[in-house]
Amino acid sequence: MSLFLPKLTCKKDIDEVIKGVAEKVVVLRFGRDEDSVCLQLDEILSKTAHDLSNMASIYIVDVDKAPIYTRYFDISYIPSTVFFFNGQHMKVDYGSPDHTKFVGSFKTKQDFMDLIEVIYRGAMRGKMIVRSPIDPQNIPKYDLLYHGI
């Protein structure tokens with residue numbers, strides 16, 4: 001559980017943040033407070049929140065309290081991190097079939113900071129999808145549930 005990052009507890013709060021934060025990347029971490037991988041990711045997010053405050057606003061979302069967004073973004077593994085800029089969903093090419101979210105925890109604080117910088121710079125240029133700067137070996141691999149359908 002992160003004591004330093006704001007929590008969004010309902011759809012209305014999430015909608016307001018997505019629509020209301022301007023000229024910054026909105027980072028939504030979907031997960032559960034008691035999950036060990038979520039706690040690991042929360043530590044990275046809280047340690048970088050101040051350094052990235054000019055580029056990003058970071059929020060925690062409990063998957064059980066926001067089932068609409070959990071279904072909408074197909075959050076089947078936690079933690080999953082979703083990015084927005086000026087109300088637009090930002091997609092990232094991680095070299096995997098799913099560009100809509102980052103699944104798992106970042107290996108290092110620097111990986112997360114590099115990703116936010118790439119998303120921010122791409123969004124400022126009008127791009128809605130950017131290529132991940134993270135070393136492919138540092139990106140967790142998961143099989144998609146709908147793979148092969």
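Please read all numbers here as calculations on a predicted model, not as lab measurements. Scope of the values below: all heavy atoms of this structure, side chains included, with no hydrogens, waters or symmetry mates. In what follows, residues are counted from 1 in the order of the sequence shown.
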When rounded to the nearest 0.5 angstrom, what distance separates [atom1] in [X] from [atom2] in [Y]?
X: D42; Y: L39; atom1: CG; atom2: CG; result: 6.0 Å
X: I75; Y: S80; atom1: CD1; atom2: OG; result: 4.0 Å
X: R29; Y: S46; atom1: CZ; atom2: OG; result: 10.5 Å
X: F84; Y: I119; atom1: CZ; atom2: CD1; result: 11.5 Å
X: T48; Y: K109; atom1: OG1; atom2: NZ; result: 7.5 Å
X: L45; Y: Q40; atom1: CG; atom2: CD; result: 10.5 Å

Residues forming a side chain to side chain donor-acceptor pair (under 3.5 Å) with [X], sequence neighbours excluded:
X: R121; answer: E117
X: T70; answer: none
X: K47; answer: E43

Tell me, with the steps shown, if D33 and C38 meet side-chain contact (heavy atoms from CB on, under 4.5 Å). CA-CA 7 Å; D33 288 342; C38 290; over 6 Å; no

Determine, stepwise, if the pair L8 / C10 fulfils side-chain contact (heavy atoms from CB on, under 4.5 Å). CA-CA 6 Å; L8 304 175; C10 65; over 6 Å; no

Donor-acceptor contacts, no H, no angles, side chain residues 55-65, under 3.5 Å, sequence neighbours left out:
from: D62; atom 1: OD1; to: D64; atom 2: N; distance (Å): 2.8
from: D64; atom 1: OD1; to: R32; atom 2: NH2; distance (Å): 3.1
from: D64; atom 1: OD2; to: R32; atom 2: NE; distance (Å): 2.9

Cationic N near anionic O, under 4.0 Å, K101 to D98: yes

Side-chain donor-acceptor pairs of residues 14-28 under 3.5 Å, sequence neighbours excluded:
from: D15; atom 1: OD1; to: Y69; atom 2: OH; distance (Å): 2.1
from: D15; atom 1: OD2; to: K11; atom 2: NZ; distance (Å): 2.6
from: E16; atom 1: OE2; to: K12; atom 2: NZ; distance (Å): 3.4
from: E23; atom 1: OE2; to: N86; atom 2: ND2; distance (Å): 3.1
from: K24; atom 1: NZ; to: S53; atom 2: O; distance (Å): 2.8

Specify whether F73 and F30 have parallel, tilted or perpendicular ring planes, treating 30° as the upper limit for parallel and 60° as the lower limit for perpendicular.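 F73 and F30: tilted rings.
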
Would V82 and F102 satisfy side-chain contact (heavy atoms from CB on, under 4.5 Å), going step by step from the backbone distance to the final call? CA-CA 7 Å; V82 181; F102 184 89; over 6 Å; no

Could you pull out every donor-acceptor pair under 3.5 Å between side chains of residues 124-135 and any protein atom, sequence neighbours left out?
from: S132; atom 1: OG; to: I134; atom 2: N; distance (Å): 3.1
from: D135; atom 1: OD1; to: Q137; atom 2: N; distance (Å): 3.0

Could you walk me through whether F106 and D114 pass the side-chain contact (heavy atoms from CB on, under 4.5 Å) test, one step at a time? CA-CA 11 Å; F106 296 93; D114 291 346; over 6 Å; no

